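Here the structure is a predicted model, which means the values were calculated and not measured. These numbers come from the heavy atoms of this one structure, side chains and all, not from hydrogens, waters or symmetry mates. Note that the numbering runs from 1 along the sequence shown for the chain.
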Amino acid sequence: MATDVSFVEYVIEQSGLDDRITFKRMFGEYGIYIDGKIVAFACDNSLFVKAADATAALTANLPRRPPYPVAKPYPVADELLDDADQLQALLLATAAAMPGPKPRKTARKPRK
């Protein structure tokens, strides 16, 4: 089942992060970004947060399951969607733990 864009918009609204949080369609689902860093995936109308050592305490009580077949299990933060403060804290901590976006390679000019 594909994720409804209304679910992603709800996650964005609940996070309270305004312009810092964005999303992009990817692989038929959605990636969620904070300040250009991927922090979560919206798959099958569930919020899968990227795991990091720095966020282990925040995700310890969350269920884990793979967002798609053959993927590793991720913490599922659906129960935090009604607690904007906890959701925001988890997303910001995850963003702080993730590496920055890789710079895009520029096209090489052909040799003459």
*Test side-chain contact (heavy atoms from CB on, under 4.5 Å) on T55 and L90 and set out the steps.*
CA-CA 7 Å; T55 60; L90 175 57; 4.3 Å; yes
*Given the rule that I, L, V, M, F, W and Y join up when any side-chain heavy atoms are under 4.5 Å apart, are M98 and Y33 in one cluster?*
no
*Does the side chain of L62 come within less than 4.5 Å of E79's, by heavy atoms?*
yes
_Connected via hydrophobic side-chain network under 4.5 Å: I38 and L47_ = no
*Are side-chain heavy atoms of R64 and V76 found at a separation under 4.5 Å?*
no
*Check side-chain hydrogen bond (donor to acceptor under 3.5 Å, both in side chains) between D82 and all other residues, then give those that pass, not counting sequence neighbours.*
Y10
_From CA spacing to verdict: side-chain contact (heavy atoms from CB on, under 4.5 Å), D78, F7_ = CA-CA 11 Å; D78 292 346; F7 173 78; 4.2 Å; yes
*asked:* Is the distance between the ring centroids of F41 and Y74 under 6.0 Å?
replied: yes
*Could you check P75, C43, P66 and say which one makes a side-chain contact (heavy atoms from CB on, under 4.5 Å) with F48?*
C43
*So if you build clusters from Ile, Leu, Val, Met, Phe, Trp, Tyr with side-chain heavy-atom gaps below 4.5 Å, do I21 and L58 land together?*
yes
*Between V5 and Y30, is any pair of side-chain heavy atoms under 4.5 Å apart?*
yes
*asked:* Applying salt bridge (Lys or Arg N to Asp or Glu O under 4.0 Å), can you list everything that pairs with D35, at least two apart in sequence or on another chain?
replied: R20
*Please answer whether the main-chain N or O of D4 pairs with a side-chain N or O of N45 as donor and acceptor at a distance below 3.5 Å.*
yes
*How about T3 and E29: does a side-chain donor come under 3.5 Å of a side-chain acceptor?*
yes
